[in-house]
Chemist: 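Structure in structure tokens, see below.
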Amino acid sequence: DAKTTQPPSMDCAEGRAANLPCNHSTISGNEYVYWYRQIHSQGPQYIIHGLKNNETNEMASLIITEDRKSSTLILPHATLRDTAVYYCIVSANDSGGGADGLTFGKGTHLIIQP
Amino acid sequence: DTAVSQTPKYLVTQMGNDKSIKCEQNLGHDTMYWYKQDSKKFLKIMFSYNNKELIINETVPNRFSPKSPDKAHLNLHINSLELGDSAVYFCASSLSRGQETQYFGPGTRLLVL
């Protein structure tokens, strides 16, 4: 089961910042927060990840609270092409047992409105 | 160049048939995966494969068997196809085992009639 909680859907106006929240209150000290998105009919796409500090790349920013129990993915200037399902995933990023891989939850369906 | 590619993109077949889906990655990654996305859009890991070590999700039927001719390829063979196998199958790769920065292929849409 996914260890994160996300709102099922969100709307955002084109050109505005999209802020996607994620709760991961049971996160362990060695677990990272990962964000992926899946645009309709495509494979999931890696966006960003972080452990404790805030992170920024060319796609997005990731803000992790000090207690690490929640995080926010920020798309600074949303475009119509950002409409997708966004998944927040916590993972230890090591070679622990099981099939490895990512455990996807239901994600947030972000709809960018023109 | 496509980093992770899959063929075919669409596959329609009859129940009971045996089929294969191919996956290739040109990223030089050591680990490859197969995921299944069902009609409810849930994505679940099926296998991970690293340096000839296969890790199987315990819920995957043994009709499914991944085969890796080399590090860049991980094919998925499915025997005796069932209606419930209809889904989208995604291949992915990562630099090494346990690395969760994964790169996904475009998916293979399997429909079993």
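Proteins get letters first, then strands, A, B, ... in listed order; numbering begins at 1 in each.
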Chemist: Where is the tightest heavy-atom contact between A/Ala60 and A/Ile47, given as atom of each residue plus distance?
Modeler: CB-CG2, 3.7 Å

Chemist: Does the ring centre of B/His29 sit less than 6.0 Å away from the ring centre of B/Tyr103?
Modeler: yes

Chemist: With a 4.0 Å cut-off, would you call A/Lys3 and A/Glu31 a salt bridge?
Modeler: yes

Chemist: Under the disulfide (SG to SG under 2.5 Å) rule, what pairs show up with a residue in residues 17-52 of chain B, not counting sequence neighbours?
Modeler: B/Cys23-B/Cys91

Chemist: Side chain, backbone, both or neither: which part of B/Gln6 has an atom under 4.5 Å from a heavy atom of chain A?
Modeler: neither

Chemist: Atom CG in B/Leu110, atom CD1 in B/Ile78: separation rounded to 0.5 Å?
Modeler: 5.5 Å

Chemist: Suppose a student defines contact as a heavy atom less than 4.5 Å from any heavy atom of chain A. Which residues in residues 63-71 of chain B would they list?
Modeler: none

Chemist: Between B/Asn50 and B/Thr31, is any side-chain donor less than 3.5 angstrom from a side-chain acceptor?
Modeler: yes

